[in-house]
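Contents: one structure, followed by commentary.
Because the structure is predicted, anything quoted here is derived from the model rather than measured. Residue numbering restarts at 1 for every chain, and letters A, B, ... go by the order of the sequence lines.
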2 protein chains.
Amino acid sequence: MGVNLKDIAQRAGVSLATVSNVVNGYRPVGERTRQRVQQAIDELGYSPNLGARHLRRGRTGLIALAIPELTNPYFAELAEIAISEAAALGYTLVMENTAADREAELALLDGSRQRIIDGLILSPVRVGREEVLARTAGSPLVLIGEGVYDVPHDHIAIDNVAASHAAIRHLVAIGRRRIAFIGATPGGDRQSAHLRVRGYREALAAAGLPYRPLLVARTDAFGRLDGMRAMRDLLALGDPPDAVFGYNDLVAIGALRALAEAGHRVPEDVAVVGIDDIEEGRFTAPTLTTIAPDKRVIGRLAVRRLVARIEGAEVAGPLTVQTPFRLLRRGSTGTPDA
Amino acid sequence: MGVNLKDIAQRAGVSLATVSNVVNGYRPVGERTRQRVQQAIDELGYSPNLGARHLRRGRTGLIALAIPELTNPYFAELAEIAISEAAALGYTLVMENTAADREAELALLDGSRQRIIDGLILSPVRVGREEVLARTAGSPLVLIGEGVYDVPHDHIAIDNVAASHAAIRHLVAIGRRRIAFIGATPGGDRQSAHLRVRGYREALAAAGLPYRPLLVARTDAFGRLDGMRAMRDLLALGDPPDAVFGYNDLVAIGALRALAEAGHRVPEDVAVVGIDDIEEGRFTAPTLTTIAPDKRVIGRLAVRRLVARIEGAEVAGPLTVQTPFRLLRRGSTGTPDA
DNA sequence: CATCACCTGTATAACGTTATAGAGCCGCGC
DNA sequence: GCGCGGCTCTATAACGTTATACAGGTGATG
């Protein structure tokens, strides 16, 4: 349908190859010829057929970002950053929703369904080291968030243990002693849940506080509803917590809801901290104290690493990169809003 | 790199064309041959090179969903539905972020950047009838949300006027008399803002209430922050409203925040209603009454229409489809949570 | 003046697929 | 026995691009 190289070549009175060289500068072209060709391109409105180009080049120009849920604002915010970074590098980013499903993650890893993409950024939830090592697809892979260790792939995430430390230290500093954690997982999945629990335990120990297993609430997923249910259970304990640290902001927001329903005051009765710094947390009542990962760094770095691997560049630096984070004190731990 | 048709053909001892026919059933193939080929495919693990296939077929198998912001949960929820519907129909959905930018919308319409996609689902914000009519790209286009009328394209949206009516009727029914609207726009963009204001005015008139221009707050965008600021302004009026209807849930949630900060009780002092039924609204304090569009219908219908047009099928029914909605009564208008 | 290197531009072979034209083969009916 | 239709399967020409090999011309150098 569209205008193609041949049309341009005819119009400009040169060969196909010359037009191609003008378009992507693979070989030098004389100034006069270049101008004639460029004029023809402008007049006819040529844009290359990417299918054909990529068939020839062996690459498609697409990269995929696979996340467990698009409706988690953290991932939506991350995706927005990754999309624009990919565009800046000349790639188109395709979103894949794994829905935290093991089969979906495996399918992506093996690339069976995905002969279209040049590389994959995956936020793994259900797959671990073995599955990643068993990966057959040859295209580059960058892991974000959850840790899958000792695999030959880039991995970008915050230091989950340190992040937990910071959250718990803050709660201790404002005088809390019975600090609960919401969002532990039963199985081996969700490495970061384990790491965050570990940071929680270590920080408690460092503060001289006892570790009470009853105060660590497991959840199946990590949405608002899960946080709400877990908080209800915690409130039903004979001796409920005076602070809660959620696996992420959504869980913490669910906890806020359960506390409001039960008539508890936040932060007076129970203080709440989350992780992710989603925009929503700046508008809850009270506003949510949170650990803010640097989403811009994570999103951009993931895309850049992936593109560098795709293009075969030597990538400096270690495979695993830990990105910075900050503690944002807000209403849910007693800091008045600005 | 991968296994291709030729490898399979050699392995099975048949011709290229036969393998192709086995793969996509264009021509009948004898049972014995089919089995030999199928076995070779399974053994070697063949999957077609989509670039080549699409070069030949003239289609890429990609469709784009262009929305003003990925971080608006309404669009994230819609996107999740559209992605899975597209996958079910054998297409891959690419997300495009227009960031409510006119240039970005125009670029998508003209398809200059987008020779990769077979069709486009666009939620227009800054472009209107003329721009859509001037579209040069030949690929099918489906519009969602905002209305751009009298153009030869499918358009899927709720009846904005009726939705506003329902919201205002509800507020009137619970005894409110000074009802404000947050989210009018100055320019001609955002048709739906105009329509929602129109429904607001009509419903006021039908209830015998006066229309007070001071109670219609303009905003530049439609996020939580915009809603919060607008609500602050409304509260500063000599005679503040006793109810607020937001352009969408985000705006309404911002209003909730401003009300909480100013010490007003919801719904006792001010009742609040939004549109979109994003999950977040079920967890605010109080929970948010909202007009719930049927996102599943919108997302699926948009994708199906688009795919039908791409594949050249005759599409029955009118171009413009209005999708159903429901009023969900929650805490912000005095209905206790279930 | 011959040789050589260089600089532009051209012709063409891929890339992996699908659709078209046609080649064998078999059995049936005249 | 011959022609014919139907059924499988094959050979091959696209699709639009890029990279390779090559051709023609020009200027510099010995």
Original post:
Are OP1 or OP2 of D/dG16 and a side-chain N or O of A/Asn49 less than 4.0 angstrom apart?
Top reply: no
Original post:
Counting side-chain heavy atoms from C-beta on, which of C/dT10, D/dT18, C/dT18 comes nearest to A/Val14?
Top reply: C/dT10
Subject >> side chain to side chain contact (heavy atoms under 4.5 Å, CB included) involving B/Ala66 - partner list, sequence neighbours excluded >> reply: B/Glu96, B/Thr98, B/Leu108, B/Leu120, B/Leu122
Subject >> Between P of D/dT8 and CD of B/Glu31, the distance in whole Å >> reply: 10 Å
Tabulate protein N/O versus nucleotide N/O from nucleotides 19-28 of chain C, keeping only pairs under 3.5 Å, one per line.
| from | atom 1 | to | atom 2 | distance (Å) |
| --- | --- | --- | --- | --- |
| C/dT20 | OP2 | B/Tyr26 | OH | 3.0 |

Original post:
Residues two or more places apart in sequence or in another chain: which of them pass side chain to side chain contact (heavy atoms under 4.5 Å, CB included) with B/Arg34?
Top reply: B/Val29, B/Glu31
**OP:** Look at all strands and tell whether A/Val23 reaches a base, only sugar-phosphate, or nothing, counting heavy atoms closer than 4.0 Å.
**Re:** nothing
**OP:** Name all residues meeting the side-chain hydrogen bond (donor to acceptor under 3.5 Å, both in side chains) criterion together with B/Arg53; count only those two or more places apart in sequence or in a different chain, and write none if there are none.
**Re:** none
Original post:
Within this structure, what is the CD-to-C1' distance between B/Gln10 and C/dG16, rounded to whole angstrom?
Top reply: 14 Å
Original post:
Atom NZ of B/Lys6 and atom P of C/dT18: how far apart are they, to the nearest Å?
Top reply: 16 Å
Original post:
Who are the side chain to side chain contact (heavy atoms under 4.5 Å, CB included) partners of B/Glu43, not counting sequence neighbours?
Top reply: B/Arg11, B/Gln39
Please table the atom pairs, donor to acceptor, closer than 3.5 Å between any side-chain atom in residues 13-22 of chain B and protein atoms at least two apart or in another chain.
| from | atom 1 | to | atom 2 | distance (Å) |
| --- | --- | --- | --- | --- |
| B/Ser15 | OG | B/Ala17 | N | 3.4 |
| B/Ser15 | OG | B/Thr18 | N | 3.3 |
| B/Ser15 | OG | B/Thr18 | OG1 | 3.2 |
| B/Asn21 | ND2 | B/Ala17 | O | 3.4 |

Subject >> Ion pair check, A/Arg126 and A/Glu105, cut-off under 4.0 Å >> reply: no
**OP:** Could you check how far CZ of B/Arg59 sits from C1' of C/dT17, rounded to whole Å?
**Re:** 15 Å
Subject >> Between D/dC15 (P) and B/Leu5 (CG): distance, integer Å >> reply: 19 Å
Original post:
A/Ile8 has an atom CD1; how far is it from atom P of D/dG16, in whole Å?
Top reply: 13 Å
Original post:
Looking only at side-chain N and O atoms, does A/Arg53 come under 4.0 Å of OP1 or OP2 in D/dG16?
Top reply: no
**OP:** For B/Leu55 and for B/Ser15, find the nucleotide of DNA chain D with the closest heavy atom, then tell me which residue's nucleotide is more 5'.
**Re:** B/Ser15
Subject >> Residue of the set A/Arg309, A/His153, A/His155 for which side-chain contact (heavy atoms from CB on, under 4.5 Å) holds with A/Leu141 >> reply: A/His153
Original post:
Would you say D/dT10 has OP1 or OP2 under 4.0 Å from some side-chain N or O of B/Thr18?
Top reply: yes
